[in-house]
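Encoded as structure tokens, the structure appears first; notes follow it.
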Amino acid sequence: MYASNLYAPTLREVPAEAEIPSHQLMLRAGFIRKAAGGVYTYLPLAWRTLRKIEQIIREEMDAAGGQEIAMPIMQPSELWKESGRWEVFGDEMFKVNDRHGREFCLGPTHEEIITDLVRNEIRSYKQLPVLLYQIQNKYRDEIRPRFGLMRGREFIMKDLYSFDKDESGLDISYQKMYDAYTNIFNRCGLVFRPVEADGGAIGGSNTHEFTALAQTGESEIAVCTKCDYAANNEKAELALIEAPAETELALEKVATPDTKTIEAVIEYLNLPIEKSIKAVAFEDEHDRLICAFVRGDHEVNEVKLQNAVEAVSLRMADENVITAAGGVAGFMSPIGLDRKKAVVVVDQSVMAMKNACCGANEADKHYINANPQRDFGEAIVKDIRLIAAGDPCPHCGAPVEITRGIEIGQVFKLGTKYSNAMHAGFLDENGREKPFVMGCYGIGVSRTMSAAIEQLHDENGIIWPKAIAPYEVAIVPINAKDEAQMELAETIYQALKNAHVDVLLDDRKERAGVKFKDADLIGYPVRITIGPKAINEDNIETKVRKTGEIFNFTKENYLVKVQELLQDL
RNA sequence: CGGGGCAUGGCUCAGUUUGGUAGAGCACCUGGCUUGGGACCAGGGGGUCGCAGGUUCGAAUCCUGCUGCUCCGACCA
């Protein structure tokens, strides 16, 4: 490709709308342009990178037994009503009507379509397993699209669906995908961790998210400093704490004026924060009052709490509702709460506390020497707290770190949720009707491109890993009017091209500085500079974008040397 | 959905407080000059100031409504 023909409008200034590096750089380097909020045009450079990512995905999916198909973007409402998700997805789906008033949606995902497809064709266990995938646009009317391609309303996703005859078959398909994902993200040059995650509303039994580590990521993950345990912080489990060998003292009510916060209470009573119990009140979708209790220095994990009480959604409780249940906001405890009006959930670590301080359900009063085992009464006891840095790893006990990441893929055991809802089954060895045991496996393709940039860039621009760079090598003649330089550049260009290197020749009639700046901004892994030194001293100057290293090759050896260089990028 | 902010040429922004001939830098076009890190000189083109109303002799500027973008929060396979 000649740069003079490339549609890659670079910007010197950062567009005001872009907040994070990947978004800014993709706009500045001429990769994307916005058409509407969360909707982008991919320009040639972005499209090349996306196609390379897709190709890696295809190769790994095919190697794992997947077959590529293409399902419709526009999907009939009937299938969604059958699975029950027409309402569940609700406002997050783009819905359209045809001229007859029939309802359709723009596919936010494809479980319904694929389940319908397979149930019509697969009749026997002998035909299983089936692994089908596609790479295609998805549509979600996100409440808040942001960060460019990171959270768009239209985005590219690879989704594969597995159909097995039983759980053990699903386990095999799941493992294949897990391994394939590991290969894919390694080949893309990303730093990532597969992390355990919560199933959420989709309702699966087991799931891992593949998270690219990046400070700008939207999800928090807990990573063990010693073993390979890593989990989304919503999921990260906490080991039981043993109760200290302490004599239980008698419960005592004390006056604690103006102490609505934990900090105020412990200061007033001069207690360590580990001796205090914090209360947080929620209401669920059925307006049930859920009162959660954790140690003073801990935070409530809303997802765990939600699972503990089998709620779909939680919101902060209204003060009147707390009062009606016998509680006093700011001074709440399980002692004296009306169990008919409040569901009490106590974190497991609280149950191991001795002689603790908690609210008295009375304004400006707290109990001291509360012993949960003895005093709290009826309660759901579960792990409901948020993991924090330094907490012990549930596998090996070493401290965990909390870090941020970008969720670029997930593998999910669906089980029979959709096959049951949509009556999708087959006949087993005994001639009995059975539902498919399904899995779904997604990769955010356009998001992966963003994540790569978030992980690898500097103040000058993007630094592409070779495998997904739009071009691997850029040749920059210093002076476009110098015929000797242009001729040599062209020779090198043709030679690299013939060697199947993705190469670009910057033949624009620009000054050298402009071309250097653009090359750094766009992020070609390798740059070959053709100036006087190349003509007079046989110095084919070759620079590695990532390290800044400069190699002085010759006309004789550059072809081999450049390809060697690329091996390690 | 709640709370902020913004909307002026392709981009970044000034001008709005206090109404009076629409500006700068970059980008673009022409000519010259220059060529190892976003040059320089001269000339030039391009904007119904987001949209719709209103106030006024006169509105980018004041008022009302709307739309879009954006940030924080809530939400999120």
Side-chain angles (χ1 to χ4, degrees), chain A residues 9-20 23-24 27-28 30 33-39 83 85 88-93 107-112 138 140-148 150-153 155 157 159-161 197-204 207-209 218-219 232 234 282 285 302-303 306 312-316 407 409-414 417-418 438-444 459-461 476-482 485-486 506 508-521 527-536 539 541 543 548 550:
Chain A
T10 56
L11 304 174
R12 190 183 295 211
E13 317 225 29
V14 180
E17 70 198 46
E19 195 73 10
I20 61 170
H23 189 194
Q24 295 175 343
L27 287 169
R28 282 193 58 209
R33 287 294 181 263
K34 184 170 67 179
V39 181
S83 74
R85 289 209 294 179
V88 174
F89 251 96
D91 291 339
E92 208 170 313
M93 268 201 300
T109 175
H110 283 74
E111 279 86 6
E112 280 76 5
K138 293 276 191 279
R140 293 184 195 174
D141 194 357
E142 291 284 346
I143 296 173
R144 190 177 159 204
R146 59 179 138 179
F147 301 149
M150 206 68 94
R151 180 174 290 274
R153 295 195 291 175
F155 56 98
M157 182 178 251
D159 44 330
L160 182 145
Y161 304 88
D198 183 82
I202 197 165
T207 174
H208 286 84
E209 293 173 353
E218 292 185 279
S219 55
N232 185 305
E234 292 173 346
F282 299 88
E285 71 279 7
E302 287 191 37
V303 171
Q306 213 164 288
V312 174
S313 69
L314 294 176
R315 59 179 194 272
M316 296 308 282
E407 188 192 336
Q410 71 272 54
V411 290
F412 218 104
K413 289 187 182 176
L414 289 172
K417 176 172 170 163
Y418 294 91
M438 295 171 57
C440 70
Y441 316 86
I443 291 178
E459 65 279 6
N460 295 315
V476 178
I478 292 297
N479 187 343
K481 283 188 183 159
D482 185 314
Q485 286 181 22
M486 293 307 282
D506 196 343
R508 294 176 301 164
K509 294 178 176 38
E510 294 282 356
R511 293 166 61 87
V514 173
K515 298 195 211 180
F516 289 155
K517 287 288 183 190
D518 273 354
D520 287 348
L521 180 59
R527 188 186 83 201
I528 297 175
T529 309
I530 302 299
K533 282 181 268 180
I535 305 298
N536 304 326
N539 177 1
E541 188 180 293
K543 185 175 181 184
I550 293 174

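Numbered from 1 within each chain, the chains take letters A, B, ... in sequence-line order.
Remark: A/Glu142 engages A/Arg151 in a salt bridge, criterion side-chain N to carboxylate O under 4.0 Å. Under the 4.0 Å criterion applied to side-chain N and carboxylate O atoms, A/Lys417 and A/Glu111 are not assigned as salt-bridge partners. Ion pairing of A/Arg146 with A/Glu218 is present here, as a side-chain N (NZ or NE/NH1/NH2) and a carboxylate O approach within less than 4.0 Å.
Note on A/Asp518: a base of the nucleic acid sits closer than 4.0 angstrom, heavy atoms only. Looking at heavy-atom distances under 4.0 Å, A/Tyr441 makes no contact with the nucleic acid at all. When heavy atoms are screened at a 4.0 angstrom cut-off, A/Val14 is found touching the sugar-phosphate backbone but no base atom. Here A/Ala16 lies in heavy-atom contact (under 4.0 Å) with sugar-phosphate atoms only. Using a 4.0 Å heavy-atom cutoff across all strands shown, A/Arg527 reaches at least one base atom of the nucleic acid. Counting non-hydrogen atoms under 4.0 angstrom, A/Lys543 reaches a base of the nucleic acid. Contact annotation for A/Pro9: no contact, since no heavy-atom pair falls under 4.0 Å across all strands. Among the heavy atoms of the strands lying under 4.0 Å from A/Gly531 is at least one base atom, whether or not backbone atoms are also near. Looking at heavy-atom distances under 4.0 Å, A/Lys515 makes no contact with the nucleic acid at all.
If you take atom P in B/rA42 and the same atom in B/rA24, they sit 14 Å apart, rounded to whole Å. The same atom, P, is picked in B/rA52 and in B/rU61; the two are 13 Å apart, to the nearest Å. For B/rC29 and B/rG10, the C1' atoms lie 14 Å apart once the distance is rounded to whole Å. One P atom belongs to B/rG45, the other to B/rC69, and the distance between them is 35 Å to the nearest Å. To the nearest whole angstrom, the two C1' atoms, one in B/rG46 and one in B/rG25, are 16 Å apart. The P atoms of B/rU18 and B/rG54 are separated by 25 Å, rounded to the nearest whole Å. B/rG58 sits 16 Å from B/rG53 when the P atoms are compared, rounded to a whole Å. A distance of about 13 Å separates the P atoms of B/rC63 and B/rC6, rounded to the whole Å.
Put simply, A/Arg146 has a side-chain N or O that comes within less than 4.0 Å of OP1 or OP2 on B/rC72. Checking the phosphate oxygens (OP1, OP2) of B/rC11, no side-chain nitrogen or oxygen of A/Arg12 falls inside 4.0 Å. The shortest distance between the side-chain N/O atoms of A/Lys138 and the OP1/OP2 oxygens of B/rC76 is not below 4.0 Å.
For A/Glu541 against B/rG36, a side-chain-to-base donor-acceptor contact under 3.5 Å is present. Side chain A/Arg144 to base B/rC75: no donor-acceptor pair is found below 3.5 Å. Applying the 3.5 Å distance criterion, the base of B/rG2 shares no donor-acceptor pair with the side chain of A/Arg315. Between the base of B/rU35 and the side chain of A/Lys509 there is no donor-acceptor pair shorter than 3.5 Å. Between the side chain of A/Glu13 and the base of B/rG25, at least one donor-acceptor pair of N or O atoms lies under 3.5 Å.
Open room surrounds CG on A/Asp91; 12 or fewer heavy atoms of other groups in view lie less than 6.0 Å from it.
Toward the 5' end of RNA chain B, the nearer of the two residues A/Asn479 and A/Glu218, judged by each one's closest nucleotide, is A/Asn479. In terms of position on RNA chain B, the residue among A/Glu17 and A/Ala512 whose nearest nucleotide sits closer to the 5' end is A/Ala512.
Annotation: the span from A/Lys34 atom NZ to A/Leu27 atom CG amounts to 8.5 Å, rounded to 0.5 Å.
Nearest nucleotide to the A/Gln410 side chain, out of B/rU35, B/rG38, B/rA77: B/rA77. Comparing atom distances between the A/Arg140 side chain and each of B/rC71, B/rA39, B/rA77 picks out B/rA77 as nearest.
If you check the side chains of A/Glu209 and A/Asn232, you find a donor sitting under 3.5 Å from an acceptor.
To the nearest angstrom, P of B/rU34 lies 22 Å from CZ of A/Arg508.
With contacts defined as side-chain heavy-atom distances shorter than 4.5 Å, the pair A/Tyr161/A/Thr109 qualifies.
B/rG68 is paired with B/rC6 under the Watson-Crick or G-U wobble criterion, all donor-acceptor distances under 3.5 Å.
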